[in-house]
**Student:** 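To start, I am sharing the structure in question, which I have written as structure tokens.
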There are 2 protein chains.
Amino acid sequence: MQPDEKTGARRERMAADQRQHAILDAAAQILATHGWDEITVNEILAAAGISKGGFYHHFSSKDDILAALVLRFADAATAAATAGQGSSGAGFVDRLSAYLCGSLEWELDHAGEVISIVRLAQRAGNGALFLELARETERRTLPALKEILSEGLKSGAFEIEDVDMTADLILRISRTRWLRFIELQDAARAGDRAAALADLHRRRRAEQQAYERLLDFPSGSIQLPPESAFERILR
Amino acid sequence: MQPDEKTGARRERMAADQRQHAILDAAAQILATHGWDEITVNEILAAAGISKGGFYHHFSSKDDILAALVLRFADAATAAATAGQGSSGAGFVDRLSAYLCGSLEWELDHAGEVISIVRLAQRAGNGALFLELARETERRTLPALKEILSEGLKSGAFEIEDVDMTADLILRISRTRWLRFIELQDAARAGDRAAALADLHRRRRAEQQAYERLLDFPSGSIQLPPESAFERILR
DNA sequence: TGCGCTACATACCGTCAGTCGGTATGTAAT
DNA sequence: ATTACATACCGACTGACGGTATGTAGCGCA
């Protein structure tokens, strides 16, 4: 007996990773318009064109697919952390500056992706996603930053009481950055373009200032991408 | 006919606010040992000694009672924000210093409560609670901080590019503080008391340093509570 | 050609937040 | 005291949803 024939549901067999990608694609697409809390697995099933059994063959739970989505978003929103390796011979200040500037440059180059993900994580019903994504990106970025800071501290390049706290604050700056950028983008689209542009440049100066002050560097030690690189954010 | 008699369930009528308090107490007590996600309203019902109908007469949803709990926790964990009013005549540096020192002092005076709430918010299954509590405390503390900063900026007491970002970083410090304190408390209880004590004092110095550097104050401008006030945390 | 593994499908289950009709207990006017 | 109304409260029921049990189709492989 063939229950598939009587319901009309064909059995499309795919490679496991392809199917998982397809399911993730479907989930991500629904997530673009609905909060995770209000999304049911049945909706994901329908969008992905698969049955419940098929779904639970690839993902052990709803939380499981959320975790997979988080990894995907983390890949799309954080630099591959190759910065700062080659220039280990240079001075500490240059190394940190290269790291900060490099990761920021990467983000600006992928502004569209980053902004859409941050917007996503910020929406109602996506609290769990937000928290997991924050944890994951922290796991990916904090160690390298701490390593640079503690090495600089060890080499006597500067004075800092607490590497962990400083690293956390620097990370906090790069987190809130995109929330601010989104605000400014919305403001610019609402007509206040000139003010938004000024605020954008102000934010850039503020970050540079904060970095330099937190590390007690002389003004101008940290080089950030030029203003023109930021302006792309406002269309 | 009295259906209550046949089930033995008496009908205890209470004033609305009393009942709500009782239900909140019950929920808070369960929350001390279980994550919010795994708590069912039926469990709260049983602990509070009330029926489902009675519960939903006072709270419109499970999220509703969570919101009420968040308000309760926020009351218990944030200073009443009376600091910084009377001393508006004094200089800006003193005013900010008084605010920072005052709120920190309040927290240290209520360390037990604060730590238990932070621990609670950090546990698995309490993600929604954590986020809501963070939002609520931010709503309560950020405005005053921004007000002080922007006034100081206007009066020319110092140079800062972005009040909002600076305020956010200062708030971030006071957030991560208690996570660090919990780590140190655990370390001390695990036997590493001397090291924990040293780290505790280091954290104090690090905060002072960060405040002063972020605002470009000379070292020693910001006064924090004495070391002895911190030591209470480790028993 | 049959055997086994894996990718599926369907029917079903348990749980749980929330609802609904109705009941007891005040409280205030007549 | 009786009526009238408001509010606190009850418990059975429901609908939805995440997850499972059990069986079936396709593909590789000997």
Side-chain angles (χ1 to χ4, degrees), chain A residues 1-27 30-31 34-69 124-125 127-129, chain B residues 1-27 30-31 34-69 125-129:
Chain A
M1 202 220 267
Q2 286 180 252
D4 294 335
E5 284 184 355
K6 92 179 147 191
T7 60
R10 282 272 319 289
R11 215 173 248 246
E12 299 238 10
R13 196 187 169 92
M14 297 173 57
D17 53 344
Q18 277 183 46
R19 183 61 89 185
Q20 286 166 22
H21 269 102
I23 296 175
L24 283 173
D25 287 342
I30 303 178
L31 206 51
H34 301 273
W36 181 251
D37 287 350
E38 57 177 332
I39 296 177
T40 70
V41 303
N42 282 321
E43 287 174 314
I44 300 175
L45 266 39
I50 199 177
S51 69
K52 213 153 202 187
F55 175 86
Y56 278 99
H57 177 72
H58 293 289
F59 297 98
S60 63
S61 67
K62 197 190 173 189
D63 277 351
D64 190 32
I65 190 180
L66 178 63
L69 283 170
L129 191 152
Chain B
M1 202 221 268
Q2 286 179 249
D4 294 334
E5 284 184 356
K6 96 178 146 196
T7 60
R10 284 269 320 286
R11 212 176 253 242
E12 299 239 10
R13 194 188 172 94
M14 297 171 57
D17 52 346
Q18 279 184 42
R19 245 289 126 74
Q20 286 166 23
H21 271 102
I23 296 174
L24 284 173
D25 287 341
I30 303 178
L31 206 52
H34 301 272
W36 180 252
D37 287 351
E38 56 177 334
I39 295 176
T40 69
V41 305
N42 283 321
E43 287 174 313
I44 300 175
L45 267 39
I50 200 179
S51 69
K52 209 149 206 189
F55 174 86
Y56 278 99
H57 176 72
H58 293 289
F59 297 98
S60 64
S61 67
K62 195 189 174 190
D63 277 350
D64 190 30
I65 190 180
L66 178 63
L69 283 170
N126 287 343
L129 191 153

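When reading the values below, keep in mind they use all heavy atoms of this one structure, side chains included, and skip hydrogens, waters and symmetry mates. First the proteins, then the strands, lettered A, B, ... as listed; each starts at 1.
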**Student:** Any base atoms under 4.0 Å from A:Ser61, or only sugar-phosphate, or nothing? Heavy atoms, all strands.
**Tutor:**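 Touches sugar-phosphate only.
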**Student:** Which nucleotide in the set C:dA17, D:dC9, C:dA7 lies at the smallest distance from any side-chain heavy atom of A:His58?
**Tutor:**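 Of C:dA17, D:dC9, C:dA7, C:dA7 is nearest to the side chain of A:His58.
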**Student:** A:Met14 CE to D:dA25 C1': how many Å, rounded?
**Tutor:**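 Value for this atom pair: 16 Å.
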**Student:** Starting at CG of A:Asn42 and ending at P of C:dC12, how long is that distance when rounded to a whole Å?
**Tutor:**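 To the nearest whole Å, that distance equals 16 Å.
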**Student:** Rounded to the nearest Å, what distance is computed from the CD atom of residue B:Gln18 to the C1' atom of nucleotide D:dA8?
**Tutor:**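 Checked: the CD to C1' distance equals 13 Å.
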**Student:** Would you kindly give the CG-to-P distance between B:Leu45 and D:dA12, to the nearest whole Å?
**Tutor:**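 Spelled out: CG on B:Leu45 to P on D:dA12 is 13 Å.
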**Student:** According to a strict under-4.0 Å criterion, is A:Arg19 in side-chain N/O contact with OP1 or OP2 of C:dA7?
**Tutor:**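 Result: no.
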**Student:** Answer with base, sugar-phosphate or nothing: what part of the nucleic acid does A:Ile39 contact at a heavy-atom distance below 4.0 Å?
**Tutor:**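 Sugar-phosphate contact only.
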**Student:** I want to check something: taking the side chain as every heavy atom from C-beta on, are A:Leu129 and A:Leu31 in contact at a cut-off of under 4.5 Å?
**Tutor:**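 A side-chain contact under 4.5 Å exists here.
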**Student:** Rounded to the nearest angstrom, tell me the gap between atom CG in A:Asp64 and atom C1' in D:dG19.
**Tutor:**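 Between C1' of D:dG19 and CG of A:Asp64: 13 Å.
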**Student:** Looking at C:dA17, C:dA9, D:dG19, which one has an atom nearest to any side-chain atom of B:Thr40?
**Tutor:**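 Nearest listed nucleotide: C:dA17.
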**Student:** To the nearest Å, give me how far apart CZ (A:Phe59) and P (D:dT20) are.
**Tutor:**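 In whole Å, D:dT20 P and A:Phe59 CZ are 16 Å from each other.
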**Student:** What I want to check is whether an N or O donor and acceptor connect the side chain of A:Lys52 with the base of C:dA9 at under 3.5 Å.
**Tutor:**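 Not at all, since no donor on one side and acceptor on the other fall under 3.5 Å apart.
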**Student:** Name the closest nucleotide to the B:His57 side chain, picking from D:dC9, C:dC8, D:dG18.
**Tutor:**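 Nearest to the side chain of B:His57 among the choices is D:dC9.
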**Student:** As a test of reading the structure: which of D:dA8, D:dC9, C:dA9 is closest to the side chain of B:Ala16, going by heavy atoms?
**Tutor:**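 The closest nucleotide is D:dA8.
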**Student:** Starting at NE2 of A:His57, measure out to CD of A:Gln20 and round the result to the nearest 0.5 Å.
**Tutor:**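 So the NE2 of A:His57 and the CD of A:Gln20 are separated by 8.5 Å.
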**Student:** Would the distance check show the side chain of B:Lys62 and the main-chain N or O of B:Ile39 forming a donor-acceptor pair, the cut-off being under 3.5 Å?
**Tutor:**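 Pair found, side chain donor or acceptor close to backbone of B:Ile39.
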**Student:** B:Tyr56 has a side chain; which of C:dT19, C:dA7, D:dG18 sits nearest to it?
**Tutor:**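 Shortest atom-to-atom distance from the side chain points to C:dT19.
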**Student:** Send over the distance from A:Asp37 CG to C:dC16 P, rounded to a whole Å.
**Tutor:**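 Spelled out: CG on A:Asp37 to P on C:dC16 is 17 Å.
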**Student:** Check whether any side-chain heavy atom of A:Leu69 sits under 4.5 Å from a side-chain heavy atom of A:Trp36, and report yes or no.
**Tutor:**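 When only atoms from C-beta onward are counted, A:Trp36 and A:Leu69 do touch, with a gap below 4.5 Å.
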**Student:** For A:Glu12 and D:dT24, what is the distance between atoms CD and C1' respectively, to the nearest whole Å?
**Tutor:**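 Answer to the nearest Å: 17 Å.
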**Student:** When you measure from the side chain of A:Lys62, which nucleotide among D:dC10, D:dG19, D:dC17 comes out closest?
**Tutor:**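 Within the option list, the nearest is D:dG19.
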**Student:** Let me spell it out: for each of B:Gly54 and B:Arg13, pick the nucleotide of DNA chain D with the closest heavy atom. Which residue's pick is nearer the 5' end?
**Tutor:**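 Final value for this comparison: B:Arg13.
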**Student:** Please check this pair: side chain of A:Glu38 against backbone of A:Gly35, looking for a donor-acceptor N/O pair closer than 3.5 Å.
**Tutor:**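 Indeed, once roles are kept as given, a pair shorter than 3.5 Å links the two residues.
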**Student:** Name the closest nucleotide to the B:Val41 side chain, picking from C:dG18, D:dG18, C:dA17.
**Tutor:**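 Closest of the options to the side chain of B:Val41: C:dA17.
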